[in-house]
J.: 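Have a look at this one.
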Amino acid sequence: MTIETVSKPNLYAVKYGGDKENIYRCILKDFRNQQYTGNYFSHFTDRISDWVVDTYGYDKTETDLYMYLVQQQSYDIETRIRDCCYDFTAGRGRSLDDIFIPYDNNETRHNHTGKYLRLKCYGTKDSLIRIYALEIEPNCDLIIYGAIKITKRTQDSPAFDRKGNDSTVHDELEKRVKSVSRFLESEGIVDYPGLTQYMEEDHEEE
């Protein structure tokens, strides 16, 4: 595991062992990959919730339309994140809190050096996409996971784990919160200066 810069100085992403790119780039590629999204929606068609059907007006069987929505929303998310980071570095007063809001499930937390890192989420309420980050400090977030969300609750929303087996968004997110928190603690990253020092050093993938 290593950390890579998404937009210096305030947005970073974890690169998990075995991945060619950081998780932010990986999930955007997945969302735009027809084979991945096609497999996802064909595999989990029956688990698309009435909430999603009511929101978009598409039947569960109209998987091609859901695939298209995920693809388009991935570009929108990338643009909004880029614009927010640009405005912040340009001194226009924007904050990452404009797009990453606190995640409201208290069960998905992990003690990190005596405190809880705030878990944050990006994705509008009617979006099929969620991107999750841990807050190192205000306006310094670390992206750790992203998922397609087809139910209201992450506990119910299906996902593939890293081996391609059935899982849930909540379970996969919880795994990453815990593993990344342990990694940050092992590297002495407890605040932004600690992250800055880490980024200035050479690190081999673990």
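One-based numbering along the sequence shown.
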J.: Has Tyr16 got a side-chain atom pairing as donor or acceptor with Ile144's backbone, closer than 3.5 angstrom?
T.: yes
J.: With under 30° as parallel and over 60° as perpendicular, where do the rings of Tyr40 and Phe160 fit, or are they tilted in between?
T.: perpendicular
J.: Would you call Ile148 and Phe41 a side-chain contact if the rule is heavy atoms closer than 4.5 Å?
T.: yes
J.: Return the OG to CZ distance between Ser74 and Arg32, rounded to the nearest 0.5 Å.
T.: 4.0 Å
J.: Specify the closest pair of heavy atoms between Tyr145 and Ala159, including all atoms of both residues, with the distance to one decimal.
T.: OH-CB, 3.8 Å
J.: Return the set of residues passing side chain to side chain donor-acceptor pair (under 3.5 Å) with Asn10 (not counting sequence neighbours), or none when no residue passes.
T.: none
J.: Would you say Leu69 and Leu65 are hydrophobically clustered, going by side-chain heavy atoms of ILVMFWY under 4.5 Å?
T.: yes
J.: Would you say Met1 and Lys15 make side-chain contact, with heavy atoms under 4.5 Å?
T.: no
J.: Answer yes or no: is there a donor N or O on one side and an acceptor on the other, between the side chain of Lys149 and the main chain of Lys152, under 3.5 Å?
T.: yes
J.: What verdict does the side chain to side chain contact (heavy atoms under 4.5 Å, CB included) test give for Asn139 and Tyr192, after you've listed the backbone C-alpha separation in whole Å, the side-chain angles of each residue and the deciding distance to 0.1 Å?
T.: CA-CA 10 Å; Asn139 274 318; Tyr192 179 69; over 6 Å; no
J.: Tell me whether Glu78 is salt-bridged to Arg25, with the criterion being a basic N under 4.0 Å from an acidic carboxylate O.
T.: yes
J.: Look only at the side chain of Ser157 and the backbone of Arg153, and say whether a donor-acceptor pair between them is shorter than 3.5 Å.
T.: no
J.: Distance only, no hydrogens: is a donor on one side chain within 3.5 Å (strictly under) of an acceptor on the other, for Asp156 and His170?
T.: no
J.: Indicate yes or no for a side-chain donor-acceptor contact from Glu4 to the backbone of Tyr12 under 3.5 Å, with no hydrogens or angles considered.
T.: no
J.: Backbone N or O of Glu62 within a donor-acceptor pair of the Asp59 side chain at under 3.5 Å?
T.: no
J.: Please tell me if the side chains of Ile81 and Ile99 come closer than 4.5 Å, counting only heavy atoms from C-beta onward.
T.: yes
J.: Can you measure from OH (Tyr198) to OG1 (Thr2) and round to the nearest 0.5 angstrom?
T.: 5.0 Å
J.: Indicate, with yes or no, if Tyr86 and Val6 share a hydrophobic cluster defined by side-chain heavy-atom contacts under 4.5 Å among Ile, Leu, Val, Met, Phe, Trp and Tyr.
T.: no
J.: Closer than 3.5 angstrom, by distance alone: can the side chain of Lys60 be matched with the main-chain N or O of Ile48 as a donor-acceptor pair?
T.: yes
J.: Following the transitive rule for hydrophobic clusters with a side-chain heavy-atom cut-off under 4.5 Å over Ile, Leu, Val, Met, Phe, Trp and Tyr, establish whether Leu134 and Ile101 coincide in one cluster.
T.: no
J.: Heavy atoms, side chains only, cut-off 4.5 Å: are Leu28 and Tyr75 in contact?
T.: no
J.: To the nearest 0.5 Å, tell me how far Leu96 CG sits from Glu137 CD.
T.: 12.5 Å
J.: CG of Asp46: more than 12 outside heavy atoms within 6.0 angstrom?
T.: no
J.: From Tyr132 OH over to Ile27 CD1, what is the distance, rounded to the nearest 0.5 angstrom?
T.: 10.5 Å
J.: Between CG of Asp64 and OG of Ser42, what distance do you get to the nearest 0.5 Å?
T.: 10.0 Å
J.: Check whether any side-chain heavy atom of Phe31 sits under 4.5 Å from a side-chain heavy atom of Ile129, and report yes or no.
T.: yes
J.: Evaluate Arg162 against Asp19 for salt bridge (charged side-chain N to carboxylate O under 4.0 Å, His left out), listing each step before the verdict.
T.: CA-CA 10 Å; Arg162 290 177 63 82; Asp19 289 346; 3.4 Å; yes
J.: Taking only residues two or more places apart in sequence, or in another chain, which ones meet Tyr36 in a ring-ring contact (aromatic ring centres under 6.0 Å, His included)?
T.: none
J.: Glu201: which residues meet the side chain to side chain contact (heavy atoms under 4.5 Å, CB included) condition with it, sequence neighbours left out?
T.: Gln197, His203
J.: Is it true that Lys29 and Glu21 have a side-chain N and a carboxylate O under 4.0 angstrom from each other?
T.: yes
J.: I'd like to know if the side chain of Tyr66 pairs up with that of Thr37 as donor and acceptor (distance under 3.5 Å, no hydrogens or angles considered).
T.: no
J.: Can you sort out the partners of Thr168 under side chain to side chain donor-acceptor pair (under 3.5 Å), two or more places apart, ordered by chain and number?
T.: Asp171
J.: Carefully, step by step, assess Ser49 and Ile150 under the rule side chain to side chain contact (heavy atoms under 4.5 Å, CB included).
T.: CA-CA 6 Å; Ser49 68; Ile150 56 174; 5.7 Å; no
J.: Return the set of residues passing side chain to side chain donor-acceptor pair (under 3.5 Å) with Gln72 (not counting sequence neighbours), or none when no residue passes.
T.: none
J.: Any Lys/Arg nitrogen of Arg176 or Glu172 sitting under 4.0 Å from an Asp/Glu carboxylate oxygen of the other?
T.: yes
J.: Can you check whether Leu173 reaches Val177 side chain to side chain, under 4.5 Å on heavy atoms?
T.: yes
J.: Quick one: list whatever passes side chain to side chain donor-acceptor pair (under 3.5 Å) with Lys120, sequence neighbours left out.
T.: Asp97, Glu135, Asp141
J.: Are Val14 and Asn22 close enough that some pair of their side-chain heavy atoms sits under 4.5 Å apart?
T.: no
J.: Mind running side chain to side chain contact (heavy atoms under 4.5 Å, CB included) on Thr63 and Tyr58 for me, showing each step along the way?
T.: CA-CA 9 Å; Thr63 54; Tyr58 302 143; over 6 Å; no
J.: Let's go through Arg80 and Tyr122 carefully: what are the C-alpha distance in whole Å and the side-chain angles of both, what is the deciding distance for side chain to side chain donor-acceptor pair (under 3.5 Å) to 0.1 Å, and is it a yes or a no?
T.: CA-CA 10 Å; Arg80 292 188 65 187; Tyr122 175 60; 3.2 Å; yes
J.: Roughly how far apart are Asp50 CG and Thr151 OG1, rounded to 0.5 Å?
T.: 11.5 Å
J.: Charged N to carboxylate O under 4.0 angstrom, Asp87 versus Arg82?
T.: no
